[in-house]
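See below for the structure under consideration.
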Amino acid sequence: MTRLRRLLVVLLGPLWVRTFRDPVREGHLRLDRLSRAEGQLARFGLVLLGLLLVSLLFSDLWRTGVLLQLNGTRNELSFLPRAVLPVTLLGLLLSWALLCWGALDAGPLVRVVVALLALATGALFTVTSTGLGSGAWVFDHGATLIRIGLFGTTGLLVLSAVLHPVLRGRPRLAGVTTGVLRVALLVALLLQYGTLQWANVESERQGLPLLVPGLMDGSIDQINGYLLPLVYVAAVAVIDFALDVSSSLTEPARVLRRRWLLVVLVALLAVKVVVQVALEWDQWRATLTYQPVAFWRTVVCLVVLGTVVALVTRFPASEDHQLAKERAMYGGSLALAAPTMLSVLGVGVALFMVGQLHTDLGSEVNDAVPYTWLGGEGLAIGGGLAVLAGLVLMRRSAGGFGDELGSALVVVGAWFLMIFVPSSLGLELGFDYPTVDLVVTVGVLLVLLLRWRSLTPAALVSLATLLVFSWLVMSRGDYLSFIGGLAGLSAIVVVVFGVVLTLASGSSFASESSRRLAAEARPLLFVGYLLLSVVILHWLEVTHEQGQDDNSLIGFYAIGIPMAAWLAGRRIARREPEADAAALAPEPEPERAAEPAAL
């Protein structure tokens, strides 16, 4: 029994430590910097967020009850479970309360940005809320209440930004003013979203047509672009999880002698060649016959990407890796989603001007904004700027955060150039995803054939880890979908798992502080955005209006692949002199055997 327990510790200990314990310890969300009221609001938001994530896994159960037909902007019929509407309104209320309270702890610019986003989100309500119904007080005055709530939220945030310089040197007055603004913001949000729920309940009570669900559907259809950064971040989080899994699975191999490591690596290569090439031979033949440009373009892009990673990740490990990874992950996702999010903001402002100023000027300006150019040439230019910024950071840094973030910026920016420059030139070259894993496998095979005599045990373990990591990454979370399918969960389990990982192990940046984003503001803004995005995702999922497969694929292609390459370069292929020296020591076996047991 003791031997079995020791064997389980050796085999499964690294999986627990590398995949769950250490990432959660280093990157989990912390609320200890918040006041008592802010902490309670954040906890309410997290509870609702958790319930919605669980609900996403069993979304079909909602449709066993009463369904309401939605007459939205799409041609196909959509149906909403009746019980989803109050949950959605509560989620919107809590998410915007978190965002607004978080903005009050941030700088004036952040407050104005949140005010504009809130105005764009609720602009559709000010245009169409006059059609809530008739025959009751809430129907006659509901539009006015919604406008008061929406404009009150926007106005209070702008007012707080104006008062910020005046209150900066008066902490007692600033505390009282902030407390009053928080209460006023909650009242304004209750007016906005509570009135919608009141009108819907009154329509049901009087047996009138339910107009609020259709109004909410149109609003969510307008703002669903807010969801994109979360989907992109979730894709990268799943990739980071795959790296932890692959590293922990190959960790026990460090106790093996070199010849057995060679056997393990050759066995892995043989399995991948059989699975990837032999069993998929017809598919590869079809790809080389009908899509040769996509195949060779993928090969060239990966070779260039690997070269860039090898050049910019040759510096010692640092404790700032986690923070740099989060900054690159969130920054790249936000940059990729920026054209769509700007479009959401532009449409919201146009709706506001139509509803309140009775002018089409906002629509004309919004139509003139080149969103397509921003999503092509604009992202290519952004990639070039990211490369320059990364090189400057690395040049000015003597190690640590500058090198970590700079190298990530160079890798992601170089990938943006490779994928967006051809598309901006009108070249449809294509991209073949199975080729990515094949290139990694062939690369490991070539290294083994050319250097098998000189490869150290540490290098052999790294090559094995790279093989497993590439396999898991290119599955795009299929192994999670398979495991979830055994438990009866839907395919959305990959996105849900990515969101949970982001919250549990990718939130250390929310504990940092800066001039515009204080440590007290970040957790509220972060939880508020997560809750708002999941509310939108939940609505889209239960109504079957729009899947997230395309968005997840875009995030994996544009952000996931370069981040996977950077992570591999920093945590797998990076040489560690101490590890190599230990591997070449005369009697390394007892020490290596004791190390996994200690885990």
Side-chain angles (χ1 to χ4, degrees), residues 17-19 21-30 32-33 233 236-237 239-241 243-244 247 305-335 382-416 458 462 465-466 469 501-502 504-519 521-523 526 559-560 562-582:
V17 172
R18 289 178 177 267
T19 308
R21 192 195 70 181
D22 289 349
V24 172
R25 282 182 178 179
E26 296 172 3
H28 72 275
L29 180 68
R30 295 173 174 84
D32 52 341
R33 300 288 293 272
V233 167
V236 180
I239 289 173
D240 191 33
F241 176 78
L243 176 58
D244 292 332
S247 299
L305 180 64
T307 303
V308 172
V309 171
L311 291 175
V312 301
T313 58
R314 301 173 64 181
F315 53 90
S318 70
E319 297 179 354
D320 298 315
H321 171 80
Q322 175 72 16
L323 184 59
K325 179 193 71 177
E326 291 179 5
R327 294 285 176 86
M329 178 173 65
Y330 289 111
S333 300
L334 185 60
L385 294 177
V387 171
L388 292 176
L391 292 175
V392 171
L393 273 176
M394 296 187 70
R395 184 176 180 82
R396 293 182 176 180
S397 175
F401 181 75
D403 278 341
E404 295 280 3
L405 181 60
S407 62
L409 288 176
V410 171
V411 173
V412 175
W415 185 256
F416 270 38
S462 296
T465 304
L466 185 61
F469 176 56
L501 280 177
T502 301
S505 61
S507 308
S508 62
F509 79 98
S511 302
E512 302 294 323
S513 183
S514 63
R515 185 167 60 90
R516 290 191 176 91
L517 277 176
R522 295 190 180 204
F526 183 59
I559 301 295
M563 284 299 296
W566 179 75
L567 288 169
R570 291 300 297 138
R571 294 178 56 189
I572 297 179
R574 176 176 49 82
R575 285 181 58 86
E576 298 184 19
E578 295 84 358
D580 288 344

Would you call [X] and [Y] a side-chain contact if the rule is heavy atoms closer than 4.5 Å?
X: L409; Y: L393; result: yes
X: M394; Y: S407; result: yes
X: P23; Y: D244; result: yes
X: L323; Y: F401; result: yes
X: M563; Y: V412; result: yes
X: E326; Y: S508; result: yes

For the residue pair [X] and [Y], what are the closest heavy atoms and their distance?
X: G413; Y: A386; value: CA-CB, 4.0 Å
X: Q322; Y: G27; value: NE2-CA, 4.1 Å
X: S333; Y: I559; value: N-CD1, 4.1 Å
X: F416; Y: G332; value: CZ-O, 4.4 Å
X: G569; Y: T313; value: O-OG1, 3.9 Å
X: W566; Y: A408; value: NE1-N, 3.4 Å

What's the spacing between F241 CZ and L501 CG if we round to 0.5 Å?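 Separation between the atoms: 6.5 Å.
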Distance in Å, S507 OG paired with R522 CZ, rounded so as to fall on 0.5 Å steps: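 The distance works out to 12.0 Å.
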Would R571 and D240 count as a salt bridge (charged side-chain N to carboxylate O under 4.0 Å, His left out) if you check the C-alpha gap in whole Å, the side-chain angles of each, and the deciding distance to 0.1 Å? CA-CA 11 Å; R571 294 178 56 189; D240 191 33; 3.4 Å; yes
Tell me, please, which residues at least two apart from E404 pass salt bridge (Lys or Arg N to Asp or Glu O under 4.0 Å).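 E404: salt bridge (Lys or Arg N to Asp or Glu O under 4.0 Å) contacts with R570.
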Using the test ring pair (Phe, Tyr, Trp, His ring centres under 6.0 Å), find all partners of F509 that sit at least two apart in sequence or belong to another chain.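 Only Y330, F526 meet the ring pair (Phe, Tyr, Trp, His ring centres under 6.0 Å) criterion with F509.
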Taking atom CZ of R314 as the centre, report whether more than 12 heavy atoms of other residues, nucleotides or ligands fall under 6.0 Å from it.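 Open: at most 12 neighbouring heavy atoms sit under 6.0 Å from CZ of R314.
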Begin from the C-alpha positions of M329 and I239 and carry the test side-chain contact (heavy atoms from CB on, under 4.5 Å) through to its verdict. CA-CA 11 Å; M329 178 173 65; I239 289 173; over 6 Å; no
